[in-house]
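All heavy atoms count here, side chains included; hydrogens, waters and symmetry mates do not.
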Amino acid sequence: VFSKNIKYGNMHSLKSKSQILVSRLDFDFRIEFENSEEGVTATVTTTGHNPTLIRPLEKKDKLMFISTSGVKQPFDFIYDSEKTTIKGRAAYVNTLQLNMKAIRWIASESISSIRVVNMVQMKMYPYSLDASRRLELRNILRCFLDELDETKVKDKEITSTLRTVREETT
């Protein structure tokens with residue numbers, strides 16, 4: 001379940017293995033959760049065979065998690081998008097700033113979909129999570145929380161707001 005699990009001093013460096021959130025024929029979204037000197041974060045990677053079909057994940061853009069009950073929680077990407085190649089596929093990588101409250105919320109909910117929110121174009125791109133992906137997401141976060149020594153977390157206050165944004169279909 002973990003790709004890194006090291007306790008040293010006042011730090012617990014814990015990183016989950018990468019998990020697919022959305023998988024389509026032409027692209028996919030993956031996420032991995034981490035506690036580090038940066039606090040609690042999630043690295044999001046989108047890859048695709050055709051680089052024109054995947055969208056960069058830019059600083060100040062957001063990834064919104066939506067529960068089956070309709071609650072929406074957006075979280076900010078905190079770095080400039082990194083363009084790379086993974087296993088011969090074009091990829092964009094960026095990091096979401098989270099905190100313990102956010103991780104607990106995602107772990108306690110059944111997340112039915114995510115939306116990538118492009119704040120420059122003011123558009124949202126929705127992606128549904130099938131039942132097995134929902135369960136995997138919940139389970140990986142529950143394992144993450146069970147293993148994490150919360151006394152060794154640099155928990156950050158986070159705020160994320162959305163102005164009116166138009167939803168796009170993909």
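Annotation: Phe33 is not in aromatic contact with Phe2 [ring centroid separation under 6.0 Å not met].
We find the CZ-OG distance between Arg134 and Ser128 to be 7.5 Å, quoted to the nearest 0.5 Å. Distance CG/Leu141 to CD1/Ile103: 5.0 Å, rounded to 0.5 Å. Atom CG in Asp130 sits 11.5 Å away from atom OG in Ser112 (nearest 0.5 Å). Atom CD in Gln121 sits 10.0 Å away from atom CD in Glu58 (nearest 0.5 Å). Once rounded to the nearest 0.5 Å, the distance linking CG of Asn10 with NZ of Lys152 reads 6.5 Å. Taking OG of Ser23 as the reference point, atom CZ of Phe29 lies at 11.5 Å (rounded to 0.5 Å).
Using a distance-only test at 3.5 Å, with no hydrogens or angles considered, no donor-acceptor pair links the side chain of Asp76 to the main chain of Lys62. When atom types are taken as modelled, the side chain of Asn35 and the backbone of Thr41 share no donor-acceptor pair closer than 3.5 angstrom. In this structure, Asn99 contributes its side chain and Asp155 its backbone to no donor-acceptor pair below 3.5 Å.
Considering only residues two or more places apart in sequence or on other chains, Arg30 meets the salt bridge (charged side-chain N to carboxylate O under 4.0 Å, His left out) condition with none of them. Take Arg104 and apply the salt bridge (charged side-chain N to carboxylate O under 4.0 Å, His left out) test, not counting sequence neighbours, and it matches Glu150. A search for salt bridge (charged side-chain N to carboxylate O under 4.0 Å, His left out) contacts involving Asp61 returns nothing, not counting sequence neighbours. Listed by chain and residue number, Thr151 satisfy the side chain to side chain donor-acceptor pair (under 3.5 Å) test with Asp149 (two or more places apart in sequence, or in another chain). Applying the salt bridge (charged side-chain N to carboxylate O under 4.0 Å, His left out) test to Glu82 and every residue at least two apart in sequence or in another chain returns nothing.
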Legend entry - side-chain contact (heavy atoms from CB on, under 4.5 Å) between Ser16 and Glu34, worked out: CA-CA 6 Å; Ser16 72; Glu34 182 171 17; over 6 Å; no
Inset, instruction - Kindly indicate, with the supporting measurements, whether the criterion side-chain contact (heavy atoms from CB on, under 4.5 Å) is fulfilled by Ile66 and Val71. - result: CA-CA 6 Å; Ile66 304 168; Val71 177; over 6 Å; no
Inset, instruction - For the pair Thr68 and Glu109, evaluate side-chain contact (heavy atoms from CB on, under 4.5 Å) and give the outcome as yes or no after the intermediate values. - result: CA-CA 8 Å; Thr68 53; Glu109 295 289 330; 5.6 Å; no
Inset, instruction - Could you check Glu37 against Lys154 for salt bridge (Lys or Arg N to Asp or Glu O under 4.0 Å), going step by step and ending with a plain yes or no? - result: CA-CA 7 Å; Glu37 295 291 333; Lys154 291 186 177 181; 2.5 Å; yes
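Looking at Thr95 and Phe77, their side chains never come closer than 4.5 Å, going by heavy atoms from C-beta outward. Using a 4.5 Å heavy-atom threshold, the side chains of Leu137 and Gln19 count as touching. Side-chain atoms of Leu63 and Phe75, non-hydrogen and from C-beta on, never get closer than 4.5 Å to each other. Contact check for Lys72 versus Met64: side-chain heavy atoms found under the 4.5 Å cut-off. In this structure the side chain of Thr47 never reaches within 4.5 angstrom of the side chain of Ile54, judged on heavy atoms.
Taking the ring axis of Tyr125 as reference, the NZ or CZ atom of Arg55 stays within 45° of it and closer than 6.0 Å to the ring centre.
No salt bridge links Asp80 with Lys59; every basic N to acidic carboxylate O contact stays at or beyond 4.0 Å. Ion pairing between a basic and an acidic side chain is recognised when a charged N comes within 4.0 Å of a carboxylate O; Arg89 and Asp28 show such pairing.
In Asp146, the CG atom is crowded: over 12 heavy atoms of neighbouring residues, nucleotides or ligands sit closer than 6.0 Å. Ile6 CD1: more than 12 foreign heavy atoms inside a 6.0 Å radius. No more than 12 heavy atoms of other residues, nucleotides or ligands sit less than 6.0 Å from atom NZ of Lys17.
Through direct or relayed side-chain contacts under 4.5 Å between Ile, Leu, Val, Met, Phe, Trp and Tyr, Ile78 connects to Tyr79.
Note on Met100: it does not cluster hydrophobically with Met11, by side-chain heavy-atom contacts below 4.5 Å among ILVMFWY residues. No chain of hydrophobic side-chain contacts below 4.5 Å, direct or via other Ile, Leu, Val, Met, Phe, Trp or Tyr residues, connects Val93 to Ile114. Criterion: ILVMFWY side-chain heavy atoms under 4.5 Å apart, direct or through other members. Under it, Val116 and Val44 are part of a common hydrophobic cluster.
The aromatic rings of Tyr127 and Phe27 sit perpendicular to each other, their planes meeting at more than 60°, with 30° as the lower class boundary.
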